[in-house]
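First the proteins, then the strands, lettered A, B, ... as listed; each starts at 1.
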2 protein chains.
Amino acid sequence: MTKARKALLEVLKTSEEPVSASHLIKHPSIRFDQATVYRNLHYLEEQGMADSFILHCTEHGTERYYSYRNREDASHHHWFHCQICHRFIDLGDCRYDEQLSRWEQAYGFTVCDHTFFLTGLCKACKSSTASAN
Amino acid sequence: MTKARKALLEVLKTSEEPVSASHLIKHPSIRFDQATVYRNLHYLEEQGMADSFILHCTEHGTERYYSYRNREDASHHHWFHCQICHRFIDLGDCRYDEQLSRWEQAYGFTVCDHTFFLTGLCKACKSSTASAN
DNA sequence: AATAATTTGCGAATGACTTGCAAATATGAG
DNA sequence: CTCATATTTGCAAGTCATTCGCAAATTATT
Ligand SMILES: [Mn+2]
Ligand SMILES: [Mn+2]
Ligand SMILES: [Zn+2]
Ligand SMILES: [Zn+2]
């Protein structure tokens, strides 16, 4: 475990929500080149220590977001992303296992990965845009 | 409805699976500049005539895929993507409406959009990689 | 210590997508 | 039809996240 990997893992571990590579690169405790950050994010994910998904938002563009994963077998989470304040809301553990198995049975394919997330307006941003009228 | 828009819509309408902008740009019946293709795909989506999602695959990279949408209110589909042959398998109409409402209730947010898709190995590709051993 | 393997920083490249702008088309009132 | 206005297009250049080549720096092995 190199310094870069330790530092990245620490930020992911303490972050309440998924973080993008660009966020990590700007993070004060991440004093490494962007190439190092990207390379190690791949490494962490392939080691099962991180999860990621690609999300597009008008303001920040298309980026991959990473979150800490305790163990290879532990269930990951899915998220809601607010288009206004850009915060993520944790929807809890993934509950798609049975559904995926049913699809695997029905179609004969093997699912290696799945992507699921929501985007919209969070409670707070709904009220503030409403009062802005 | 300009020629470019008609041509794009026709390809989307007759395609069995979601298609990327790069695919459309190379398509024989799409004789338009890439900027025109991208601009009109945005247009079609904002008019409710197309749906899209971003998918990353090792071989083709990260791209947005478009599919035809009959009417603004009609349910879209979700898809499985094979990492080997790159074909999409239609999983049918979206069935997440009630689940999304439940989350909206529980968290107070409003969902504007959601992304869901699977990746893995299709039946055919599983057997051909198995026999390759 | 000497050698081999891995990781890092830097700068350049990649690839999807976007943008500025002037030419081409379409729209439409008179 | 005709001139004026609005929209769309092609081209070339730009943007932005991510990747790559390569040589220097670290780390692990012998
Ligand atoms: Mn955002
Ligand atoms: Mn693919
Ligand atoms: Zn918000
Ligand atoms: Zn396949």
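For the residue pair His76(A)/His114(A), the side-chain donor-acceptor check at 3.5 Å is satisfied. No hydrogens or angles considered: nothing links the side chains of Glu104(B) and Thr110(B) as a donor-acceptor pair under 3.5 Å.
You'll find that the side chain of Asn40(A) is closest to dT8(C), out of dC17(C), dA17(D), dT8(C). Comparing dT9(D), dT8(D), dT18(D) against the side chain of Arg5(B) picks out dT8(D) as the nearest. Here dG11(C) is the nucleotide among dT8(D), dT18(D), dG11(C) with the atom lying nearest to any side-chain atom of Ala35(A). For Arg39(B), taking side-chain heavy atoms from C-beta onward, the closest of the listed nucleotides dG20(C), dT8(D), dT18(D) is dG20(C).
Cation-pi geometry between Arg64(B) and Phe53(B) is not satisfied (NZ or CZ under 6.0 Å from the ring centre, within 45° of the ring normal).
For an aromatic pair to be called close, the ring centres must be under 6.0 Å apart, and Phe117(A) with Phe80(A) fails this. Taking the six-membered ring for Trp, Tyr65(B) and His23(B) have ring centres at least 6.0 Å apart.
Rounded to a whole Å, the CD1 atom of Ile25(A) is 13 Å from the C1' atom of dG9(C). Look at CD on Glu59(B): it is 14 Å from P on dG15(C), rounded to the nearest Å. Between Glu45(B) atom CD and dC17(C) atom P there is a gap of 12 Å when expressed in whole angstrom units. Counting to the nearest Å, the C1' atom of dT7(D) and the CD atom of Gln47(B) are 14 Å from each other. In this structure, Tyr66(A) atom OH and dT18(D) atom P are separated by 7 Å, rounded to whole Å. Across the protein-nucleic acid pair, Gln34(A) atom CD and dG11(C) atom P stand 11 Å apart, rounded to whole Å. Atom P of nucleotide dT7(C) and atom CG of Leu44(A) are separated by 11 Å, given to the nearest angstrom. Residue Lys6(B) contributes atom NZ, which lies 12 Å from atom C1' of dA26(C) at whole-angstrom precision.
Of the two residues near DNA chain C, Asp33(A) and Tyr38(B), the one whose nearest nucleotide lies more 5' is Asp33(A). Comparing Phe32(B) and His56(B) by the nucleotide of DNA chain D that holds the closest heavy atom to each, the one mapping nearer the 5' end is Phe32(B). Checking His60(A) against Tyr43(B), the closest nucleotide of DNA chain D that is more toward the 5' end is the one next to Tyr43(B).
Relative ring orientation between Phe88(A) and His81(A) is described as tilted, the plane-to-plane angle lying within the 30° to 60° band.
Rounded to 10°, the angle separating the first-five-pair axis and the last-five-pair axis of the helix from dA1(C)-dT30(D) to dG30(C)-dC1(D) equals 30°.
Of the possible polar contacts, one joining the Ser101(A) side chain to the Asp97(A) backbone as a donor-acceptor pair under 3.5 Å is found.
When heavy atoms are screened at a 4.0 angstrom cut-off, Thr62(A) is found touching the sugar-phosphate backbone but no base atom.
The distance from atom CG of Leu41(B) to atom CE of Met49(B), rounded to the nearest 0.5 Å, is 11.0 Å. Rounding to the nearest 0.5 Å places NZ of Lys126(B) at 11.0 Å from OG of Ser128(B). A distance of 7.5 Å separates CH2 of Trp103(B) from CZ of Phe109(B), quoted to the nearest 0.5 Å.
Between His42(A) and dT18(D) there is no side-chain polar atom (N or O) within less than 4.0 angstrom of OP1 or OP2. Look at Thr36(B) and you'll find a side-chain N or O under 4.0 angstrom from OP1 or OP2 of dG10(D).
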Filtered N/O pairs between nucleotides 24-29 of chain D and protein, under 3.5 Å:
none

